[in-house]
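To start, the structure itself, in structure tokens.
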Number of protein chains: 2
Amino acid sequence: MATGSSARTDILDAAQARFARQGFDGTTIKLIAADAGVNSALLYYYFRDKERLYQAVLDRLVQEMVRRGVRRLEAPGTPEERLRGFLELQGEIFGGHPHFYPLLLRELVDHAAARAVEQIKLVAATMFRRLCEVVEQGQREGAFRGDLDPRFAAISCVSMVAHFFTARPAIGLFLGHSTQGPPRAVVQAYLRHAADFAIAALSAPNLAPARARLKGSAR
Amino acid sequence: MATGSSARTDILDAAQARFARQGFDGTTIKLIAADAGVNSALLYYYFRDKERLYQAVLDRLVQEMVRRGVRRLEAPGTPEERLRGFLELQGEIFGGHPHFYPLLLRELVDHAAARAVEQIKLVAATMFRRLCEVVEQGQREGAFRGDLDPRFAAISCVSMVAHFFTARPAIGLFLGHSTQGPPRAVVQAYLRHAADFAIAALSAPNLAPARARLKGSAR
DNA sequence: GTCTATACGGGGATAGAC
DNA sequence: GTCTATCCCCGTATAGAC
């Protein structure tokens, strides 16, 4: 309700940026108001307090992530193609919008995600579940090795992309750049590497690499 | 100097726990003092201000991590054994001491690691460099595939372990437990999986499967 | 809906006694 | 070295005018 309000979404946007950059405790209501170009008392009109403003930001974010993630996982293609597509989307989201992943990350770190239990359960029941099903399908079709726990495999694949953005400042220095992180081209190169690395680990073991694609019809 | 002082280390220990759990902004001097069982003014005697107290905590932590990491990487053995040993240590450190990884993680997230630039450069020049050399050695010896950037491979391997602990609350829910994270046995199982997954990706045959798939035929 | 003005508390930091 | 007492700022939140 009242979604048309410009001030309301301005506040949400400003809050998202600040919470992502400085965390809950490090962000002040007055600063958000200044960013949004409104008076600080207005924040209490739209959202009851700082806590609920944070919740509203988090809600909006997780819902968008789940929506895009599930849609990508349900795209047509082989399990390998769908997994690659999902990892690609992950890179787009985490790398593209500067306030997306940092906010999720903070929520995980700040209070052991206590404020996001419901949202995480949603992710578990939709996106994560779907991702595991893709791995399982690949296993049934013989493209992926069958001796892996699909949930562990899913976590490993996602981790290689996620942690790159988590540790972005450190990785920037590791690779000879700055704490701003590596330049875009290096990020892209890493993301390609990570997808290949994941598929290599998942692919059926060396014995019969060429025969792995039994039912595969090269399209 | 003055390392014998009990109050000083008590303060450092208490500060480490609080900073790890609640972050810099979320932690108060008075609370740290209460945890350490000393008066809050004493913190200003040993450390000039909150900022320097935080720095001291971070210093102590990174130095211990580097020391243990490098020692493990320089242990005798094949590249595979040394990589496995390093990932095992990573799991021990991150999983074992509850304030170790959360503090590093916060530093990465909080201000793009601005407070830890020097420490990260130390890690880059010692531990990370050493880890890359292990991968390179494996490549020269033919145990690991040669078509990977050793730095990217190193990052991928570490990521699979690190992100598991980063996202611990979420992964706990994903696997049907709580935001406290999965039980110890599941953590151990995942760590074994991650090491195997990493080695599988590194050992995968060079070109045959990946290229064959493109053409859809492997003679 | 949006603003001004303000209360109320809490946090960092200091002076100085012991 | 350790504590008591205190200052001062700033952040959240509310009351109420427009």
Side-chain angles (χ1 to χ4, degrees), chain A residues 1-60 99 103 106-107 109-111 114-116, chain B residues 1-60 99 103 106-107 109-111 114-116:
Chain A
M1 39 268 211
T3 48
S5 167
S6 163
R8 192 176 188 278
T9 55
D10 286 351
I11 292 169
L12 272 178
D13 292 341
Q16 179 171 327
R18 286 293 173 183
F19 283 141
R21 273 204 285 263
Q22 305 169 332
F24 185 82
D25 293 315
T27 298
T28 70
I29 292 285
K30 283 168 184 165
L31 190 52
I32 295 174
D35 287 350
V38 300
N39 189 277
S40 66
L42 198 58
L43 276 67
Y44 294 92
Y45 172 78
Y46 282 115
F47 311 91
R48 247 213 295 190
D49 54 19
K50 192 183 177 184
E51 183 70 33
R52 294 180 197 237
L53 170 57
Y54 179 84
Q55 286 282 353
V57 169
L58 203 60
D59 265 343
R60 197 177 60 158
H99 309 314
L103 201 100
R106 279 191 177 283
E107 182 51 32
V109 178
D110 270 357
H111 302 85
R115 292 180 173 114
Chain B
M1 25 227 115
T3 48
S5 168
S6 162
R8 192 177 187 278
T9 55
D10 286 352
I11 292 169
L12 273 178
D13 291 342
Q16 180 171 327
R18 285 292 173 184
F19 284 141
R21 274 204 284 263
Q22 305 169 330
F24 186 81
D25 293 315
T27 298
T28 71
I29 292 285
K30 284 164 185 166
L31 190 53
I32 295 173
D35 287 350
V38 301
N39 189 278
S40 66
L42 197 58
L43 275 66
Y44 293 91
Y45 172 78
Y46 283 114
F47 311 91
R48 228 179 344 162
D49 54 19
K50 190 183 178 185
E51 182 70 33
R52 296 182 195 235
L53 170 57
Y54 179 84
Q55 287 280 354
V57 168
L58 203 60
D59 266 342
R60 195 177 63 159
H99 309 315
L103 202 100
R106 280 192 176 282
E107 182 51 31
V109 179
D110 269 356
H111 303 84
R115 293 180 173 113

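So that the names make sense, note that chain A is the first sequence line, chain B the second, and so on, each numbered from 1. Because only heavy atoms are used, hydrogens play no part in the values below, and waters and symmetry mates are left out as well, while side chains stay in. In this text the structure is predicted, and so the values were computed from the model without any measurement.
In this entry the distance linking CG of A:Leu43 with P of D:dT12 reads 10 Å, nearest Å. Here C:dA17 presents its P atom at 16 Å from CG of B:Asn39, a figure rounded to the nearest Å. As rounded to whole Å, 12 Å separates atom C1' of C:dG12 from atom CG of B:Asp25. When rounded to the nearest whole Å, the span between CD1 of B:Ile32 and P of C:dG11 equals 12 Å. One atom, NZ of A:Lys30, and another, C1' of C:dC3, lie 14 Å apart when rounded to the nearest Å. As a whole-Å value, the separation of A:Phe19 CZ from D:dG11 P is 13 Å. What separates OH of A:Tyr44 from P of D:dT12 is a distance of 5 Å, to the nearest Å. For A:Tyr45 and C:dT2, the OH to C1' distance is 9 Å, given to the nearest whole Å.
When every heavy atom of A:Leu103 is checked against every heavy atom of A:Ala20, the shortest pair comes out as CD1-N, 3.4 Å. Between B:Val57 and B:Ala15, the shortest heavy-atom distance links the atoms CG2-CB, 3.9 Å. B:Ala33 and B:Asn39 get closest at one heavy-atom pair: CB-C, 3.9 Å.
Closest to the side chain of B:Ala7, from the set D:dG11, C:dT2, D:dT2, is D:dT2. The side chain of A:Ala41 has D:dA15 as its nearest neighbour among D:dA15, D:dC3, C:dT14. Side-chain proximity of B:Ile29 to the nucleotides D:dA13, C:dG12, D:dT4 is greatest for C:dG12.
Between B:Tyr46 and D:dT2, a side-chain N or O to OP1/OP2 separation shorter than 4.0 Å is present. Listed pair A:Lys50 / D:dT12 meets the phosphate criterion, a side-chain N or O lying under 4.0 Å from OP1 or OP2.
Residues A:Leu42 and B:Glu51 each lie close to DNA chain C; by heavy-atom proximity, the contact nearer the 5' end of the strand is made by A:Leu42.
Taking OG1 of A:Thr28 as the reference point, atom CD of A:Gln22 lies at 8.0 Å (rounded to 0.5 Å).
Looking at heavy atoms from C-beta onward, A:Leu53 lies in side-chain contact with A:Leu43 at the 4.5 angstrom threshold.
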